[in-house]
Amino acid sequence: MKLSRDGIKERAAWEKAGIGLPAYDCGNVAKRTKQEPIWIHFGAGNIFRIFIGGIADHLLAAGEMEKGLTCAEIFDVDVIDKICQPYDNLVLAVTLKADGSTKKQVIGSLTEALKARPDDAADWARLKEIFASPKLQMISFTITEKGYALRGADGRILPWIKTDIEKGPSYPGSAMAVICALLYVRYQAGALPLAVVSMDNCSHNGEKLRNSILTMAKEWAAREFLSQGFLAYLEDEKTVSFPWSMIDKITPRPAQRVCRELEAVGVEAMQPVITGKSTYIAPFVNAEEPQYLVIEDRFPNGRPPLEKAGVYMTDRDTVEKVERMKVSTCLNPLHTALAVYGCLLGYDLIADEMRSPVLAELVYQIGLVEGMPVVTDPRILSPQDFVDEVISVRIPNPFIPDTPQRIATDTSQKVGIRYGETIKAYAACYGDAKKLTAIPLAIAGWFRYLLGVDDRGNTFSLSPDPMLSELTKAMEGIIAGKPKTYHGQLKPILSNADIFGTDLYAVGLGEKIEAMFLEEISGCGKVEETLKKYLRV
């Protein structure tokens with residue numbers, strides 16, 4: 001059984017293996033899409049292939065859409081050569097259910113895969129052709145938040161962005177330069193309308209994308225690479241819109257268990273590959289079952305009926321509320337707490353942590369006890385139902401191979417929204433945030449994590465973080481197991497509103513976090529003992 005357009009014609013074998021096939025002719029869909037593309041997506045990674053590709057697959061199967069997706073890759077073009085083209089752009093989607101069963105489905109909605117860089121002349125010409133088409137309705141992105149960055153942590157323009165600015169739109173390299181150059185093609189074709197939709201998991205994603213594109217365009221205009229009329233075109237959201245969105249679906253790296261299961265039923269060549277950019281990717285994608293996508297309904301050139309595939313189409317204010325609900329209360333704060341404490345207590349899987357009564361109680365108190373009183377209610381989704389599903393179904397799912405080490409990445413960039421917003425809400429409601437206990441424990445656990453020594457005294461590697469060197473330098477001299485080495489090193493960090501969104505001493509939490517941290521560094525086993533003490537487990 002080969003994952004290819006010819007291979008899936010042997011339907012009996014696939015059906016016998018329990019694998020669903022597209023309910024439409026993939027070849028005809030690809031032909032129609034190539035003639036008149038309406039939707040191109042940048043970032044050919046896992047969440048796109050199973051979630052966004054799955055949305056288009058559903059609409060095609062239901063007869064709600066006649067054309068599929070064109071996908072393009074900017075950062076890691078090996079994905080096109082090693083995962084897309086060898087399999088005729090088909091994806092084997094594997095849904096990992098909490099009861100251990102799996103749903104397997106071939107997705108055929110990804111019809112064309114392109115390398116979004118000028119040195120691939122044919123693909124670059126094709127992208128220009130697509131952007132010049134009046135029928136193109138939307139472009140979307142899953143390129144991670146870093147893909148929108150033009151400046152480093154020090155505020156300076158990144159070196160490769162500076163190169164793009166100086167070279168102009170003829171030979172762009174970074175994501176924002178590539179998109180800006182292609183939008184200029186669309187402007188030159190008649191200032192055609194378009195929706196430019198970030199689907200990345202970051203706050204105010206549409207605003208971030210718009211600001212980065214406009215910054216690049218202004219830099220190029222200042223150097224007379226393009227016209228001032230292009231700036232006016234980009235700034236008019238009635239012509240070029242940048243809808244906000246909230247996306248949520250846990251899509252971990254391909255699991256060997258899933259690979260073996262697919263090969264056992266006869267599917268060939270399912271082994272993951274590692275690209276030249278170190279992307280670990282496979283012809284299949286494994287992911288959890290729950291998924292949410294909420295998009296601001298602002299599409300100046302029309303759009304597919306996304307709501308018929310379960311997408312919530314709404315206004316910008318509601319998108320922001322859903323995002324705040326998820327990021328500040330119902331999911332992300334819980335994940336971050338499990339990440340740092342999982343590393344400290346020797347866990348390799350997030351799901352395994354939920355079998356610990358003390359860690360289960362920690363996330364329960366962060367989400368339901370401390371978060372719910374000040375949660376942002378978006379109305380279109382119930383915060384109570386959402387967090388119940390997270391705690392009862394999603395995080396404990398033992399078949400999701402997600403690790404605390406992965407979730408611990410970039411924590412300094414996350415604590416301000418994941419904990420800071422609830423802290424500020426308590427201060428606004430009660431005058432201070434002294435009522436909180438579980439959230440201060442999570443923050444104390446992060447500092448304890450930054451020492452790189454677990455609760456048994458063993459060293460471990462810290463996950464990447466842009467502030468890692470700055471934080472570890474500030475904490476210099478603190479030794480796990482020797483509380484007398486603490487001389488207030490946390491004070492400048494705890495009072496830094498740029499990190500937490502507020503001065504934690506001003507809201508009554510600084511001293512509490514210091515006390516918790518001191519208890520956690522007082523010896524082996526003291527991390528778990530401190531959790532039990534404060535959570536009363």
For the pair Arg394 and Asp248, evaluate salt bridge (charged side-chain N to carboxylate O under 4.0 Å, His left out) and give the outcome as yes or no after the intermediate values. CA-CA 11 Å; Arg394 298 180 66 183; Asp248 182 25; 2.7 Å; yes

Worked verdict on Ser463 versus Arg406 for side chain to side chain contact (heavy atoms under 4.5 Å, CB included): CA-CA 7 Å; Ser463 300; Arg406 184 186 78 84; over 6 Å; no

Show the numbers, then the answer: is there a side chain to side chain contact (heavy atoms under 4.5 Å, CB included) between Met467 and Ile499? CA-CA 10 Å; Met467 290 190 69; Ile499 296 176; 3.8 Å; yes

One pair to check against side chain to side chain contact (heavy atoms under 4.5 Å, CB included): Leu231 and Lys218. What are the steps and the verdict? CA-CA 7 Å; Leu231 296 182; Lys218 287 174 182 177; 3.9 Å; yes

For salt bridge (charged side-chain N to carboxylate O under 4.0 Å, His left out), just list the numbers for Lys473 and Glu470, CA-CA rounded to whole Å, side-chain angles, deciding distance to a tenth of an Å, and then say yes or no. CA-CA 5 Å; Lys473 185 176 181 181; Glu470 181 181 340; over 6 Å; no

Please evaluate residues Val196 and Ile213 with respect to the criterion side chain to side chain contact (heavy atoms under 4.5 Å, CB included), reporting the C-alpha separation (whole Å), side-chain torsions for both, the decisive distance (0.1 Å), and the verdict. CA-CA 10 Å; Val196 183; Ile213 294 293; 5.6 Å; no

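Between the side chain of Tyr24 and the backbone N or O of Ser109, at least one donor-acceptor pair lies under 3.5 Å. With hydrogens and angles ignored, the 3.5 Å screen pairs no side-chain donor or acceptor of Ser241 with any backbone N or O of Pro243. Within the 3.5 Å criterion, the main-chain N or O of Ala408 finds a donor-acceptor partner in the side chain of Thr411. Put simply, the side chain of Thr33 gets close to the backbone of Gly68: a donor and an acceptor are under 3.5 Å apart. One N or O on the side chain of Asp78 and one on the backbone of Gly276 form a donor-acceptor pair closer than 3.5 Å. The main-chain N or O of Leu96 is found under 3.5 Å from a side-chain atom of Asn397 such that the two form a donor-acceptor pair. In terms of modelled atom types and a separation under 3.5 Å, the side chain of Glu73 and the main chain of Phe75 share a donor-acceptor contact. Lys308 places no side-chain N or O within donor-acceptor distance of the main-chain N or O of Glu64, the cut-off being under 3.5 Å. Under a 3.5 Å cut-off, the side chain of Ser133 and the backbone N or O of Glu129 do not form any donor-acceptor pair. A side-chain donor-acceptor contact under 3.5 Å links Arg49 to the backbone of Pro283.
You'll find the ring centres of Tyr233 and Tyr184 outside the 6.0 Å limit.
The shortest non-hydrogen separation linking Gly147 to Ala175 is O-CB, 3.7 Å. Nearest heavy-atom pair across Ala442 and Ile366 is CB-CD1, 4.1 Å. Nearest heavy atom pair, residue Ala217 against residue Phe230, reads CB-CE2, 3.8 Å. Taking all atoms of both residues into account, the shortest heavy-atom contact from Gly108 to Cys26 is CA-SG, 4.0 Å. In this structure, Val327 and Pro333 approach most closely via the heavy-atom pair O-CD, 3.2 Å. Closest heavy-atom contact between Pro118 and Trp124: CA-CG, 3.7 Å.
Salt-bridge annotation for Glu288 and Lys249: absent, with no side-chain N of the basic residue lying under 4.0 Å from a carboxylate O of the acidic one. With respect to the salt-bridge test (charged N to carboxylate O, under 4.0 angstrom), the residues Arg117 and Asp119 qualify. A salt bridge links Asp297 and Arg303; the closest N-O separation between the charged side-chain nitrogens and carboxylate oxygens is under 4.0 Å. Ion pair Glu112/Arg126 flagged as a salt bridge, since at least one NZ, NE, NH1 or NH2 atom sits closer than 4.0 Å to an Asp/Glu carboxylate oxygen. Under 4.0 Å is where a charged nitrogen must lie from a carboxylate oxygen, and between Lys115 and Asp81 at least one such pair does. Salt bridge Lys414/Asp410: absent, no basic N to carboxylate O contact under 4.0 Å. Using a cutoff of 4.0 Å between basic side-chain nitrogens and carboxylate oxygens, Glu237 and Arg210 are scored as salt-bridged.
Using the six-membered ring where Trp is involved, Trp446 and Phe500 have ring planes that are perpendicular, over 60° apart on the 30 and 60° scheme. Between Tyr449 and Phe460, the ring-plane angle classifies as tilted under the 30° and 60° cut-offs.
Residue Ile295 holds its CD1 atom at 13.5 Å from CG of Asp315, rounded to the nearest 0.5 Å. Tyr148 contributes atom OH, which lies 6.0 Å from atom SG of Cys202 (distance to the nearest 0.5 angstrom). Atom-to-atom distance recorded for Thr279:OG1 and Ile83:CD1 is 10.0 Å, nearest 0.5 angstrom. To the nearest 0.5 Å, atom CH2 of residue Trp244 and atom CG of residue Leu209 are 12.5 Å apart. Taking CG from Leu182 and CG from Leu136, the interatomic distance works out to 10.5 Å, rounded to the nearest 0.5 Å. Distance check, rounded to the nearest 0.5 Å: OG1 of Thr472 to CG of Asp465 gives 9.5 Å.
Under the 6.0 Å distance and 45° angle rule, Arg186 does not count as a cation-pi partner of Phe131. In this structure, Lys326 is not positioned above the aromatic face of Phe386 in the sense of NZ or CZ being under 6.0 Å from the six-membered ring centre and within 45° of the axis.
Under 3.5 Å, the side chains of Asn46 and Thr251 contain no donor-acceptor pair of N or O atoms. Between His41 and Thr70, the side chains place no donor N or O within less than 3.5 Å of an acceptor N or O (distance only, hydrogens not considered). Ser328 and Tyr419 are not linked by any side-chain donor-acceptor pair at a separation below 3.5 angstrom, with hydrogens and angles left out of the test. Neither side chain, Asp164 nor Tyr171, offers a donor N or O lying under 3.5 Å from an acceptor on the other.
Using a 4.5 Å cut-off on side-chain heavy atoms (C-beta onward), Ile165 and Arg223 make contact. Annotation: side chain of Tyr292 is not in contact with side chain of Val322 (no heavy-atom distance under 4.5 Å). Proximity of Leu293 to Ile55: side-chain heavy atoms (C-beta onward) are separated by under 4.5 Å at one or more points. Side-chain contact check for Pro252 versus Asn286: some heavy-atom pair is nearer than 4.5 Å. Within the 4.5 Å cutoff, the side chain of Phe42 has no heavy atoms near those of the Thr142 side chain. For the pair Val319/Thr314, a side-chain contact is recorded, criterion being any heavy-atom separation below 4.5 Å from C-beta on. Residues Glu296 and Ser245 fail the side-chain proximity criterion, which asks for heavy atoms closer than 4.5 Å. In this structure the side chain of Phe141 never reaches within 4.5 angstrom of the side chain of Asn205, judged on heavy atoms.
Other residues, nucleotides and ligands contribute over 12 non-hydrogen atoms within 6.0 Å of the NZ atom of Lys277. Atom NZ of Lys424 has more than 12 heavy atoms from other residues, nucleotides or ligands within 6.0 Å.
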